[in-house]
Amino acid sequence: MPVIPVLTILPLSATVIAGAFAIVLLNRYLATRRRPHELMWGIAFLLFALGAGCQVFADIGNGWTPTLARIYYLSGAILNVGFLGVGTLYLLFTRRIANIGFAAMVFLSVVSIYVLFTVPVDASRLGEEAGWRAVATLSPAPRWLAAISNTLGTILVAGGAIWSGVVFWRKRIMKGRMIGVFLLALGTLVVALGGTVTGLTGLRNHDYLYISMAVGAVIMFSGYLQTIRPDPSVVHSAKLTAENAKLVQPTQQTVPPSR
């Protein structure tokens, strides 16, 4: 039985946390009214879990392989934040706008899959602790795709948080959804900050990146839970409407029998 390295617990924790949240979101999507933003966020969490899982597999297995490095880069570096952004579009904007964003994300996903599985892999770097970098050594295309997806996804998530904050605060409505989107943006930034700090400090094997990934996933899922909380003002208004309907309902009168 292979011994799990101590630092492998970090990506393993991120895998379990993100995977559990993905299951909750996708199960809720299938079991309820099939809200598109739940599907998009479920896919994003699944991609987070897949990326972290590749690190775990490399740590406890025989190291990085070309296929493992490609899957890690595709799921953990390119697609996940993009799907978070599309989910935010479905939550905050019209279905038409969100569908355009989804179509663009599908196109980016197809291009990314093609590029990641056709670019040459630098076999000399697969033995490094961050062996997934071998995918982006001989060709700049994977780095460009990651930059495009992460930049646009972060703009959508952070921009959606700002936009919803302004609109909901002005109208004094949907406070839970406003808080939820802000938490989603904060969680995304925590994950991004973890990658930046890890890269600048040269921490071993990027293991500590998974601390920020796990924390960011928890914050993002907390944001999702806020978005599904009933709005107190709407609930109160519904109760008043029901009570008023009962008050104005005509009372049944007994008609005396005719003689």
Side-chain angles (χ1 to χ4, degrees), residues 1-23 43-84 108-151 153-154 188 190-217:
M1 182 177 179
V3 178
I4 298 178
V6 174
L7 287 180
T8 304
I9 295 175
L10 299 176
L12 180 60
S13 300
T15 303
V16 172
I17 291 172
F21 292 162
I23 291 173
I43 293 173
F45 276 111
L46 191 62
L47 292 168
F48 274 115
L50 183 59
C54 288
Q55 180 71 66
V56 175
F57 193 83
D59 285 350
I60 66 176
N62 296 320
W64 290 94
T65 65
T67 300
L68 197 63
R70 295 179 197 274
I71 294 174
Y72 176 96
Y73 210 98
L74 180 68
S75 60
I78 296 179
L79 299 182
N80 48 13
V81 176
F83 276 101
L84 283 175
L108 180 63
S109 299
V110 172
V111 172
S112 299
I113 292 172
Y114 174 79
V115 170
L116 263 295
F117 283 89
T118 56
V119 295
V121 175
D122 186 357
S124 64
R125 302 202 64 178
L126 287 174
E128 298 178 2
E129 292 171 339
W132 51 267
R133 289 178 173 176
V135 176
T137 301
L138 301 179
S139 171
R143 293 194 299 271
W144 278 107
L145 289 169
I148 293 171
S149 180
N150 286 297
T151 299
T154 302
T188 304
V190 167
V191 174
L193 181 63
T196 302
V197 172
T198 301
L200 292 176
T201 56
L203 293 174
R204 190 194 75 82
N205 199 16
H206 282 206
D207 283 307
Y208 290 99
L209 165 65
Y210 300 103
I211 296 178
S212 66
M213 183 181 290
V215 173

To the nearest 0.5 Å, tell me how far Leu12 CG sits from Tyr210 OH.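 Reported to 0.5 Å precision, the distance equals 11.5 Å.
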Is the shortest side-chain heavy-atom distance between [X] and [Y] below 4.5 Å?
| X | Y | answer |
| --- | --- | --- |
| Ile78 | Leu116 | yes |
| Val119 | Leu138 | no |
| Asn80 | Asn150 | yes |
| Phe48 | Phe21 | no |
| Arg143 | Tyr73 | yes |

Got a sec, which residues hit side-chain contact (heavy atoms from CB on, under 4.5 Å) with Ser109, two or more places apart in sequence or on another chain? Leu79, Phe83, Met105
Under the rule for side-chain contact (heavy atoms from CB on, under 4.5 Å), what residues qualify as partners of Phe117, not counting sequence neighbours?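 Once residues adjacent in sequence are excluded, the partners of Phe117 under the side-chain contact (heavy atoms from CB on, under 4.5 Å) criterion are Arg70, Ile71, Leu74, Ile113.
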Might you point out which heavy atoms bring Ala134 and Leu126 nearest each other, and give the distance in Å?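 Reported closest heavy-atom pair: CB-CD2, 3.8 Å.
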Taking all non-hydrogen atoms of both residues into account, name the closest pair between Ala18 and Ala49 and its distance. CB-N, 3.7 Å
Could you walk me through whether Trp64 and Gln55 pass the side chain to side chain contact (heavy atoms under 4.5 Å, CB included) test, one step at a time? CA-CA 8 Å; Trp64 290 94; Gln55 180 71 66; 3.7 Å; yes
Would you please name every residue forming a ring pair (Phe, Tyr, Trp, His ring centres under 6.0 Å) with Phe57, sequence neighbours left out? none
